[in-house]
Structure formats: C-alpha cells, structure tokens
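Heads up, the thing below is written out as structure tokens.
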There are 2 protein chains.
Amino acid sequence: MSSDTRWLDKGEQEVWRALRELIWGFESAMDRQLIRDSELSGVEYSVLAALSEAEDGVMRARDIAQALDWERSRLSHLLKRMEAKGLVARTECESDARGFNISMTAAGHKAIVRAAPGHVSFVRENVFDPLTDDERDALHSAATKIQASIRAAGLWENRGAPKS
Amino acid sequence: MSSDTRWLDKGEQEVWRALRELIWGFESAMDRQLIRDSELSGVEYSVLAALSEAEDGVMRARDIAQALDWERSRLSHLLKRMEAKGLVARTECESDARGFNISMTAAGHKAIVRAAPGHVSFVRENVFDPLTDDERDALHSAATKIQASIRAAGLWENRGAPKS
DNA sequence: ATTGATTTGTTGACATGTCAATCATGCACA
DNA sequence: TGTGCATGATTGACATGTCAACAAATCAAT
C-alpha cells in the first residue's frame, strides 16, 4: 500500500504519545475509582447506567449490546455474572421468544445510585474542570472526527461483517 | 463526599460520550488493523517497539514494564508467550542475578519492520490527517491536562502503593 | 557480617474478553 | 406453507489481564 510511509515527526510523536497514554490509562483509572468507591466494576456500571436510561429500567439484551457497542457473547457472560450477584434479573420476552428482558433489581438500583455521584465527579474533575472551553470544544470535535475517520476505514466495528 | 454533585448538562454529556467512545474504541480498532496487516497483536507491537528504541535492541524486563507502565506479572506472562513464538529471547543479566535481558530475535525484528508502516499510517490517517492544526494542539494539551489531573488525584498508577 | 526491607521476576487462581459453533426462533418470499 | 436465511442468545475453548503469594537477590543499617 505504501512504500513511502509518512513517519511521525518529533512534535507529532509527542501528541501521539499523550493521546496513547490517555487512551491506555483513562479507562483503568476510571475503573479504579469506581471499584474503590462502590462495589461496581466499570462494565457493570455501564450496563446499569444503560438500564437506568430506559423508562422502566428494562431492556432487551440485544438493545443493551447495541447501546454499548459490545459483542453479544461478552454481554451474555457479564449478565450471567451480574445475575449471580443479584444486580440484574432476566425475564422472558413476550413479543419474541428468542429474547430476554433484563431488568435492574433493587440491589442493582441501590448500587448505581450509590456509585453515580463519584463517577460523575471523576469525569467532571478530571475532564471538564482542567480544560478551557476552547480545549473542551476542540476535544469534542477531535474525538468525533477521529472516530468518523476510523469508521470510514471500516476498522471501528467489533465484528466487521465483510460483505465479500 | 458530595451530596451536591455537579451533574453533566446536555452539552457536557455529548462531549463525554464522544470521548468515552474514542477511549473504548480506538485501541481495539488499532489492534484490529495490526492483526489484519501483520502477525502482531497490539501488546506485542508495544514490546517490540520499546525494544527497537533501545540502542542494541536489548532491555531489562523491569525497564520495559516501566516504559509501558505495565504490571510486572502482565509483562512476564506476555514475554513467556512471545518467547514461545520466537519473537524475543532472554538472557541472564550479568550485573544483577535477579534480572533478565530481553532481546529481539531476527523474527521479532522482521515482524515489527513489517508491521510498522501500516501502524504509522493508521495513526497518521486517523489522528493527524482528520484534524486541523488547532484541533491537534488542543487535543495534545487536553490529553496532557487530563492525565495530569488524574495523576494528581492518585488514580493513575497501576499499583497505587498505599503508604498506610 | 546479620538482619530486615526492597527489588525483580515468576507463578497460579481467577476475572474478563474474543471467537467460532450451536440452537431456537422469526421472517421473507415463492 | 414450507424453505432458507437472518436474528437473539448461549456455550466452551482459548487469550489475556489482575491480584496475591512466593522466591531469590540486593541493599541498607547497624
């Protein structure tokens, strides 16, 4: 494809290093904060947060997977564990015998209500507070553009269904 | 800690969603590209890239772990696999009988030379090309500031050694 | 020198994620 | 209405990461 690779110059390398460190470190830092201050892991929080945004706290597994952009098997494994912990419950789906409705239990609701303030504070204190308005806006548009570019290259999707 | 949580408003939620998706999706997209175009996973590439930057292509395991900010056991497990694949070799360390020197093999060198152009192209095409100069600079400073903030909060380190 | 703490690295148990295979159900269309 | 394909979800094998326990070597302080 390219025998004439455009390598990164000194300045570009620094930008790339800063971005790479952020991408590698941010998620685990967020997880550490969550686990320290609540009993939820980052992925468990994600699922419960998705359920919270549904009106009645119930979603089909399919829709959770889509909302989080996860593989089905990943969600399936996680739901099994969360069910064992009593954070969610599953009921059969009336309209489609293949599906399941996932709902938050009282314990799940309690857990996310307890975890949410610390999580939001983490984001506010470490993302919004340190940035100027211009930096925040530029970060927004940069993140959006980078994602769009990767999507256009066909490398974003988890299971790139090659239409061959 | 805070009964008066400063929740995110609509605009902030959008910024946060864009950043979260980038952080969750970028690394796996990069891994997909690497595995598609070479025989290296992202973590294997990281180790070989670190070794490439040492003059003689040899580093102590300790220094690799520090350069990548990884846990020792993670590196140990990975090096065992990479050694089995013939990508790296280990020799005893003369100056410190506890340590090991890790070196690239010819196969490891060949693999990273083969993988590097595509990897650099991925970064250039998806990070630098889509951004204006201003956005790139803002991204740089935003990433730096966010990391600094998390570090100041004591949540960055992998093994936060609590000095209790 | 001896003792005790620190550093370096490995190991095993376990948590989590990916992938391919499987199964049942639903749907489209002749 | 049946036949074939698409969808929803689970499972098991495997890859990878975390954590705590361990062992050996080094260092520091007396």
Side-chain angles (χ1 to χ4, degrees), chain A residues 24-25 27-32 34-36 39-47 59-85 87-102 155 157-163, chain B residues 24-25 27-32 34-36 39-47 59-85 87-88 90-102 157-163:
Chain A
W24 283 358
E27 187 177 356
S28 50
M30 203 167 63
D31 281 7
R32 266 191 292 278
L34 265 177
I35 290 176
R36 191 193 60 184
E39 263 75 49
L40 295 176
S41 72
V43 286
E44 289 168 343
Y45 184 93
S46 301
V47 169
M59 283 177 86
R60 290 205 37 187
R62 171 194 54 174
D63 298 324
I64 300 177
Q66 189 170 15
L68 300 177
D69 194 24
W70 281 5
E71 300 217 354
R72 298 236 202 76
S73 69
R74 180 185 181 183
L75 181 62
S76 181
H77 285 306
L78 177 60
L79 287 177
K80 188 170 30 170
R81 286 173 249 146
M82 291 179 73
E83 201 181 4
K85 288 191 194 179
L87 295 170
V88 298
R90 72 206 316 148
T91 53
E92 308 218 334
C93 179
E94 302 151 3
S95 58
D96 187 339
R98 292 169 301 182
F100 288 97
N101 285 321
I102 309 296
L155 285 164
E157 295 76 21
N158 268 334
R159 296 278 305 124
K163 42 217 50 158
Chain B
W24 282 358
E27 186 178 356
S28 52
M30 202 168 64
D31 281 8
R32 266 191 291 279
L34 264 177
I35 289 177
R36 190 192 60 186
E39 262 75 49
L40 294 177
S41 71
V43 288
E44 289 168 343
Y45 184 94
S46 300
V47 168
M59 283 177 86
R60 286 200 47 182
R62 170 194 55 174
D63 298 324
I64 300 177
Q66 188 171 16
L68 300 177
D69 195 23
W70 281 4
E71 300 218 354
R72 295 215 237 80
S73 69
R74 181 184 181 184
L75 181 62
S76 181
H77 285 306
L78 177 60
L79 287 177
K80 187 169 32 170
R81 286 173 250 145
M82 291 179 73
E83 200 181 5
K85 288 190 192 178
L87 294 169
V88 298
R90 73 202 319 147
T91 54
E92 308 218 334
C93 180
E94 303 150 2
S95 58
D96 185 339
R98 292 169 302 183
F100 288 98
N101 285 321
I102 310 296
E157 295 77 21
N158 268 334
R159 295 280 303 126
K163 43 218 49 159

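All values reported here derive from a predicted model rather than from experimental measurement. Lettering of chains follows the sequences in order, A, B, ..., and the numbering in each one begins at 1. Excluded from the calculations below are hydrogen atoms, water molecules and symmetry mates; all remaining heavy atoms, backbone and side chain alike, are included.
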- Message: Working note: Glu39(A) + Lys85(A), criterion salt bridge (charged side-chain N to carboxylate O under 4.0 Å, His left out); need CA distance, chi angles, decisive distance, verdict.
- Response: CA-CA 11 Å; Glu39(A) 263 75 49; Lys85(A) 288 191 194 179; over 6 Å; no
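Regarding Asp31(A), its CG atom lies at a distance of 12 Å from the C1' atom of dG17(D), rounded to whole Å. To the nearest angstrom, C1' of dT25(C) lies 12 Å from CD of Glu92(A). Rounded to an integer number of Å, the gap from Met82(B) CE to dA15(D) C1' is 15 Å. Summarising the geometry, the separation between CZ on Arg32(B) and C1' on dC19(C) is reported as 13 Å, rounded to the nearest angstrom. Here dG8(D) presents its P atom at 14 Å from CD1 of Ile102(A), a figure rounded to the nearest Å. Rounded to whole Å, the distance from CZ on Arg74(B) to P on dA13(C) is 22 Å. At whole-Å resolution of the value, CD in Glu71(A) and P in dC14(D) are 18 Å apart. Computed from coordinates, the Glu27(A) CD to dT16(C) P distance equals 13 Å when rounded to whole Å.
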Could you run down the sub-3.5 Å N/O contacts of the protein with nucleotides 21-27 of chain D?
from	atom 1	to	atom 2	distance (Å)
dT26(D)	OP1	Ala97(B)	N	3.1

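A heavy-atom distance below 4.5 Å is not found between the side chains of Met82(A) and Ile102(A).
The side chain of Ser76(A) lies closest to dT10(D) when the candidates are dG17(D), dT10(D), dT16(C).
Taking for each of Leu78(A) and Ser73(B) the nucleotide of DNA chain C with the nearest heavy atom, the 5'-most of the two is the partner of Ser73(B).
With hydrogens and angles ignored, a donor-acceptor pair under 3.5 angstrom links the side chain of His77(B) to the base of dG12(C). Contact of Arg62(A) with dG8(D) (side chain to base): no donor-acceptor pair of N or O atoms is detected under 3.5 Å.
Take Lys80(A) and apply the side chain to side chain contact (heavy atoms under 4.5 Å, CB included) test, not counting sequence neighbours, and it matches His77(A).
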